[in-house]
> 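Before I ask anything, let me first share the structure, which is written out below as structure tokens.
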Protein chains: 2
Amino acid sequence: MEVPVRTGPLKRDLVAGLEKGLSVIESFDQERPRLTISEVANRTGLTRAAARRYLLTLNHLGFVSQERKMFALTPKVLRLGQSYMHSARLPRIVEPELHKLAYALKEASSAGVLDGNDVICIAATSAGRVVSHTLQPGTRVAAHCSANGRVLLAAKPQHEIDAWIARQELTSMTPHTITHPERLRIEIARARSLGYACVDQEIEMGLRSLAIPLRNYRGDIVAAMSISVHASRMSMDEIVEHCLPPLLQAQAHLRMLL
Amino acid sequence: MEVPVRTGPLKRDLVAGLEKGLSVIESFDQERPRLTISEVANRTGLTRAAARRYLLTLNHLGFVSQERKMFALTPKVLRLGQSYMHSARLPRIVEPELHKLAYALKEASSAGVLDGNDVICIAATSAGRVVSHTLQPGTRVAAHCSANGRVLLAAKPQHEIDAWIARQELTSMTPHTITHPERLRIEIARARSLGYACVDQEIEMGLRSLAIPLRNYRGDIVAAMSISVHASRMSMDEIVEHCLPPLLQAQAHLRMLL
């Protein structure tokens with residue numbers, strides 16, 4: 001899914017307004033759902049006059065609402081994410097298999113791809129279980145502590161893994177999160193040799209996951225798929241025994257489609 | 001949620017590059033997940049040279065991937081939709097109540113707002129049931145045949161409803177879809193007087209829904225919430241009997257929060 005390495009486009013070929021406008025959309029978050037012009041300017045590095053023009057444009061297009069001095073995103077922003085969900089082959093092909101798997105096991109399942117430091121969820125189903133809010137399309141989790149992240153990292157050449165680890169902060173999400181670079185390197189190597197990765201409550205307490213890589217017909221790893229189980233329901237050994245065989249079946253099936 | 005009526009911004013205040021760039025993202029869809037520069041130009045009304053610059057910019061920012069002459073959206077696009085999901089009050093407040101309701105009833109539930117001709121889903125949970133792929137955040141359905149749509153339309157003044165209906169094509173999604181303007185007007189009036197709307201297999205065969213409006217503390221209708229059930233599981237009367245009381249409870253609870 002990564003953009004192939006290429007010489008960068010010439011600067012005159014880039015549309016500055018688009019980059020800045022998208023950064024304005026991304027400047028809204030849970031901590032600050034409503035922002036003033038000055039706050040958007042601060043968060044994006046734009047001048048106040050420029051932030052105002054971007055907000056007025058987004059308001060004019062219906063992506064941002066305004067109440068007095070405060071701006072907020074509107075649900076129309078969801079359209080943009082849906083353009084990916086509807087157009088991209090990967091979620092459309094993976095989703096039915098994910099549902100089949102989740103309902104057969106009666107456990108939550110998700111698929112993701114690497115995007116920088118994070119795994120971004122491209123398809124998910126809760127199978128009726130309330131497991132974690134991280135299991136929703138579009139949700140991002142730090143790759144170093146996610147089972148999907150570990151199998152996706154394991155697909156890279158060793159020098160890239162080393163460089164990736166060196167760049168990370170390896171934030172601790174729970175007392176179980178592996179934050180030592182050397183231990184993470186060992187876990188990634190283990191994921192590569194086993195063909196799957198286990199993560200035991202490293203993202204949040206109570207959440208255990210088992211992930212496998214998804215390959216296309218050429219054998220390239222294009223995504224990862226995992227089952228997540230509440231810790232009270234299964235030990236890590238039970239998850240491997242119970243969930244690995246159907247995951248491997250899904251893997252084999254998807255290889256012919258991807 | 002709608003942008004208040006105001007005099008339009010001056011043209012010089014708008015950033016043209018942002019509007020066009022967002023239209024390039026929206027030009028990818030299920031029928032054409034991979035597009036050439038010329039195809040993007042055709043779909044957006046941009047010149048070929050401009051379409052190329054927008055695609056190169058989106059590629060540079062990681063929102064679009066390129067393989068030879070074909071461009072496709074990357075999962076990074078999901079970030080934009082997530083900015084809304086994480087920042088907006090509405091989905092964050094509605095979602096826990098939606099989950100509670102869905103798991104109590106063991107039926108799928110969703111909440112939505114009007115966006116032009118469509119209802120856009122802002123929160124959903126399947127409660128373990130495979131009901132419809134329309135029940136996902138960001139998914140759009142034609143408002144005229146959706147239960148959420150009918151209660152949201154019922155919140156408008158009559159002259160706006162009439163104008164809205166007059167603008168619609170009232171496409172038939174199933175043999176049950178109400179496509180006659182006068183019949184739709186009656187259904188919307190009924191939703192207003194009853195305080196809820198029922199839709200029996202008008203979006204897709206086998207899908208029955210019951211929706212209620214969600215009001216904020218000022219009494220304004222800000223969203224709709226619905227339960228969807230497979231037709232084989234309950235008659236329309238059974239849905240009203242079984243699902244309306246807990247929906248009204250959720251409505252009362254949310255009114256204090258919204």
Side-chain angles (χ1 to χ4, degrees), chain A residues 1 3-4 8-9 13-19 21-22 25-26 28-30 32-33 53-54 56-63 65-67 72-89 92 99 103 113 115 120 122 125-130 136-140, chain B residues 1 3-4 8-9 13-19 21-22 25-26 28-30 32-33 52-54 56-63 65-66 72-89 92 99 103 113 115 120 122 125-130 136-140:
Chain A
M1 297 307 300
V3 177
D13 275 338
L14 297 181
V15 185
L18 179 53
E19 172 164 13
L22 293 172
I25 293 178
E26 291 193 72
F28 293 86
D29 60 25
Q30 195 154 350
R32 299 310 309 267
R53 289 174 63 226
Y54 285 101
L56 289 181
T57 305
L58 288 169
N59 180 295
H60 177 66
L61 298 172
F63 289 106
S65 65
Q66 181 183 0
E67 203 174 328
L73 298 180
T74 72
K76 191 172 173 182
V77 172
L78 291 173
R79 274 197 202 184
L80 302 170
Q82 283 303 107
S83 299
Y84 169 74
M85 290 304 281
H86 287 153
S87 74
R89 280 182 76 236
R92 284 189 295 131
H99 273 89
Y103 286 95
V113 297
D115 179 27
I120 185 160
I122 56 148
T125 176
S126 69
R129 301 221 177 262
V130 184
Q136 282 189 1
T139 309
R140 311 170 73 82
Chain B
M1 296 308 296
V3 179
D13 275 339
L14 298 181
V15 186
L18 179 52
E19 172 164 13
L22 294 173
I25 292 177
E26 291 193 71
F28 293 85
D29 60 24
Q30 195 154 353
R32 299 310 309 269
R52 177 175 165 276
R53 288 176 62 227
Y54 285 101
L56 289 182
T57 305
L58 288 169
N59 180 295
H60 177 65
L61 298 172
F63 291 104
S65 64
Q66 181 183 1
L73 298 180
T74 71
K76 191 173 171 181
V77 172
L78 290 173
R79 272 195 204 189
L80 302 171
Q82 282 304 105
S83 299
Y84 169 74
M85 291 303 281
H86 286 154
S87 74
R89 281 182 77 236
R92 281 188 298 132
H99 273 88
Y103 285 95
V113 296
D115 179 27
I120 184 158
I122 56 147
T125 174
S126 69
R129 302 221 176 262
V130 184
Q136 282 190 0
T139 310
R140 310 170 74 81

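Residue numbers start from 1 in every chain, and the chains themselves are labelled A, B, ... in the order their sequence lines are given, proteins ahead of strands.
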> Which bit of Gln82(A) is near chain B, if near means a heavy-atom gap under 4.5 Å: side chain, backbone, both or neither?
side chain

> What part of Leu80(B) lies closer than 4.5 angstrom to a heavy atom of chain A: side chain, backbone, both or neither?
both

> Taking every non-hydrogen pair under 4.5 Å, which of Gly17(A), Gly81(A), Ala72(A) racks up the most with chain B?
Gly81(A)

> Looking at side-chain heavy atoms only, is the closest gap between Leu58(A) and Leu22(B) below 4.5 Å?
yes

> Answer whether the closest heavy-atom distance between the side chains of Tyr84(A) and Pro75(B) falls below 4.5 Å.
yes

> Go through Leu56(B) and His60(B) one step at a time and tell me if the side chain to side chain contact (heavy atoms under 4.5 Å, CB included) criterion holds.
CA-CA 6 Å; Leu56(B) 289 182; His60(B) 177 65; over 6 Å; no

> Quick one: does Leu73(B)'s side chain get under 4.5 Å of Ser83(A)'s, heavy atoms only?
yes

> Most heavy-atom pairs under 4.5 angstrom with chain B, which of Glu19(A), Arg32(A), Arg79(A), Lys76(A)?
Arg79(A)

> Tell me the closest heavy-atom pair linking Phe63(A) and Val77(A), and the distance in Å.
O-CG2, 3.4 Å

> Please classify the contact between Ile25(B) and chain A as side chain, backbone, both or neither, with a heavy-atom cut-off of under 4.5 Å.
both

